[in-house]
There are 2 protein chains.
Amino acid sequence: MTVTIYDVAREAGVSMATVSRVVNNNPNVKPQTRKKVFEAIERLGYRPNAVARGLASKKTTTVGVVIPDISNAIFAEVARGIEDIANMYHYNIILCNADKKKDKEIRVINTLLEKQVDGLLFMGGTVTEEHSQAFKTANVPIVLCATTDENGEIPSVDIDHEAAAFDAVQVLIKQGHTSIGMISGTLQDPANGYARFQGYKRALQTAGISYDEELVRIGNYRYESGVDAMKYFLELPKRPTAVFSATDEMAIGAIHCIQDFGLKVPEDISVISVDNSRMASMVRPQLTAVAQPMYDIGAVSMRLLTKLMKKETVEHAKVVLPHEIVTRQSVGDK
Amino acid sequence: MTVTIYDVAREAGVSMATVSRVVNNNPNVKPQTRKKVFEAIERLGYRPNAVARGLASKKTTTVGVVIPDISNAIFAEVARGIEDIANMYHYNIILCNADKKKDKEIRVINTLLEKQVDGLLFMGGTVTEEHSQAFKTANVPIVLCATTDENGEIPSVDIDHEAAAFDAVQVLIKQGHTSIGMISGTLQDPANGYARFQGYKRALQTAGISYDEELVRIGNYRYESGVDAMKYFLELPKRPTAVFSATDEMAIGAIHCIQDFGLKVPEDISVISVDNSRMASMVRPQLTAVAQPMYDIGAVSMRLLTKLMKKETVEHAKVVLPHEIVTRQSVGDK
DNA sequence: CTGTTAGCGCTTTCAA
DNA sequence: TTGAAAGCGCTAACAG
């Protein structure tokens, strides 16, 4: 039924070892022999069995990717960066959605490890003690992607979320705004939630603006929650003149909410966010945002993982990618 | 270093076979023995090696997924449907982007087959003879996802793209429009391109409207190409009063182009599309669209694949999922 | 209910 | 430059 390396060996009149060498591009094979083997392979339609190879060589050329939700544009972009680089280095990726749920994350990490992945890319919610524990029992390298661990022991690739938020709010402040609302993610989320909120507070503080908790609403990163948060702000007796959103999608919700209310962006209210997904230029007015290089985060973390898997020494196991402000049309003077 | 089933057997004072039974939930094990084994597993921190298991059992509980581009929202949604169901049936997925490029597709199909996936989900451009050939040499089931093959030999899950387009254009016609532009995908793309274009033409014909090739522009599914196409229409001496776009994203580009031009949607020009991605409700006016159930296409195709992998007999190997019109605000009277 | 024993298809010394 | 042979860690008859 299935053609094995042994069949090829017999057909070509050589040993299994020789066929193996040919298949693996080992130079120690006489060209003539190589040719014979290739012909036999062709004739028999031989297809190497990667599972058997994996068992014998203890390498699967497969890496595991734990992702919150592939249907989220932001993560999908990271995934694409990962896959492109993986592909370049001849790795395949096993993708697992874990929805930032700790239990699910731990479960898939173990499954992935059972499948003998050569490395693991983890993109999730908080990295708890339990996560670290699971990582420790893996004897393959792990890279955190778009997250970091508190104690900074695990290699990671991310942006500085706090600074990104700080910079975004600074843009608003520079335009003269002093009443600045924030649509935040859950504070349980260390990167997209908590850190960005901290950046917001620090920017306010630096500018000598007092923090008003009435001006902070927690959303769930989705469009609708941006709409809801904005609705709340608009009904405030003294509503903010600018809003900082933790994500593009909520920002777009906010913009539409403002427009539906009969006000204009940025004339009446300015809006800025962090992300700069493709959607940012797909709204009117186009969204000014701090760009988070999602594709690069994926690509760089995969590249880092390849180095780790090859046991190359890496100087910077904690890489912080730069973010930048992309000025479009949603921010104006106070 | 690594603890194997043999180590567990020794530790528990039983044979490998018994450990294997315990690990695989085989009922033929005395509860007491089972307990002993579990304790040994716990004590040693044993983690079954899925690669060895795969080699011995000839099953990897892994399926391959060939996808055009995971960073495209539409496909990401399908992927999520696939993964959710895969997960439910204890399969993992190896994800490969192939950008609808034939060579790349063939290449990843072979890699996936080498990795001994238990089944394959193919989402791509055209299914050529070469594809069929590659599928034939696989001795695992294949399901086409959001595509179909011409001769209809391969199981598949998709919507009726021609009918979806027909229905969309009908909506416009019913509102009295007779001058209807189309922003199409490339006609090389059988499903999203050609079929939708055919549906457009048939709707026109059915309504007795003559086809005018000036009113058809080919885009690349992206926002910008929607803008460009619409710009072209707006400059026409006699511009259309309604536009049918093959995808949401191009439709949104068209809407913004119309608005930037100083006209209103739907008062001046109506816009409808096929997709109904989350973005459809993230524009003003919200987009009326024919909904393509992407998540379901993924879920159903994965479900179908599980049946095929279990060698269950399936009555309908060609499933056509229903589409529906989601009326929002972008379509009005002529 | 449990153990013995062949493999699964390949890589990798080691020797020639 | 090539071959022989010993595993890799597990499953799956088969026997008891």
Side-chain angles (χ1 to χ4, degrees), chain A residues 1-38 40-41 44-62 90 110-111 113-118 139-140, chain B residues 1-38 40-41 44-62 90 110-111 113-118 139-140:
Chain A
M1 185 80 219
T2 51
V3 181
T4 74
I5 199 173
Y6 182 75
D7 300 321
V8 176
R10 194 158 24 73
E11 174 82 11
V14 299
S15 72
M16 287 167 54
T18 300
V19 178
S20 175
R21 288 191 188 97
V22 171
V23 170
N24 292 296
N25 273 314
N26 184 318
N28 296 339
V29 179
K30 215 195 318 178
Q32 205 186 100
T33 314
R34 184 182 302 277
K35 185 153 168 287
K36 269 197 310 190
V37 173
F38 272 133
I41 287 177
L44 266 37
Y46 169 68
R47 172 179 292 148
N49 180 327
V51 172
R53 175 182 294 173
L55 183 59
S57 69
K58 294 174 168 302
K59 280 193 191 58
T60 55
T61 59
T62 304
H90 304 292
N110 282 315
T111 307
L113 259 19
E114 286 186 5
K115 296 224 169 176
Q116 311 298 119
V117 293
D118 294 338
N139 14 30
V140 295
Chain B
M1 182 81 220
T2 51
V3 346
T4 73
I5 199 172
Y6 183 75
D7 300 321
V8 177
R10 193 156 27 73
E11 174 82 10
V14 298
S15 73
M16 286 167 56
T18 300
V19 178
S20 174
R21 287 190 188 97
V22 171
V23 171
N24 293 295
N25 271 314
N26 184 318
N28 296 340
V29 180
K30 213 195 317 180
Q32 204 187 104
T33 314
R34 183 182 304 278
K35 184 154 169 287
K36 269 197 308 189
V37 172
F38 272 132
I41 287 177
L44 266 37
Y46 168 67
R47 172 178 292 150
N49 180 327
V51 171
R53 175 182 292 173
L55 182 58
S57 69
K58 295 175 166 302
K59 280 191 192 59
T60 55
T61 60
T62 304
H90 304 293
N110 282 316
T111 307
L113 260 18
E114 285 185 5
K115 297 224 169 175
Q116 310 301 117
V117 293
D118 293 338
N139 14 31
V140 295

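Only a predicted model underlies this, so the values are computations on that prediction, with no experimental measurement involved. All chains are named by letter (A, B, ...) in the order of the sequence lines, taking the proteins before the strands, and each is independently numbered beginning at 1.
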Which pairs would a plain distance check flag for residues 19-27 of chain A, meaning a side-chain donor or acceptor within less than 3.5 Å of a matching protein atom at least two apart in sequence or in another chain?
unit_1, atom_1, unit_2, atom_2, d
A:Ser20, OG, A:Asn24, ND2, 3.4
A:Asn24, ND2, A:Ser20, O, 2.8
A:Asn26, OD1, A:Asn28, N, 2.8

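- Partners of B:Lys35 by side-chain hydrogen bond (donor to acceptor under 3.5 Å, both in side chains), not counting sequence neighbours, listed by chain and number: B:Glu39.
- Within a heavy-atom distance below 4.0 Å of DNA chain C, the residues of residues 26-35 of chain B found are B:Asn28, B:Val29, B:Lys30, B:Thr33.
- As rounded to whole Å, 15 Å separates atom C1' of D:dC8 from atom CG of A:Asn139.
- Shown here are the side-chain contact (heavy atoms from CB on, under 4.5 Å) partners of B:Ala56, two or more places apart in sequence or in another chain: there are none.
- Scanning for side-chain contact (heavy atoms from CB on, under 4.5 Å) contacts around B:Ser15 gives B:Ala17, B:Thr18, with sequence neighbours left out.
- B:Thr61 is linked by a side-chain hydrogen bond (donor to acceptor under 3.5 Å, both in side chains) to A:Lys115, counting only residues two or more places apart in sequence or in another chain.
- Here A:Lys59 pairs with A:Ser57, A:Asp118 under the side-chain contact (heavy atoms from CB on, under 4.5 Å) rule; sequence neighbours left out.
- Comparing the end axes of the helix from C:dC1-D:dG16 to C:dA16-D:dT1, each fitted to five base pairs by superposing C1' atoms of four pairs onto the next four, gives an inter-axis angle of 30° (nearest 10 degrees).
- Every residue was checked against the side-chain hydrogen bond (donor to acceptor under 3.5 Å, both in side chains) condition with A:Thr33, not counting sequence neighbours, and none meets it.
- The salt bridge (charged side-chain N to carboxylate O under 4.0 Å, His left out) contacts involving residues 45-58 of chain A comprise nothing, where partners must be two or more places apart or lie in separate chains.
- A:Gln116 meets the side-chain hydrogen bond (donor to acceptor under 3.5 Å, both in side chains) test with no other residue; sequence neighbours excluded.
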Query raised in the report: Quick one: what's the B/S/- string for nucleotides 4-11 of chain C, heavy-atom cutoff under 4.0 Å, read 5' to 3'?
Result: B--BBBBB
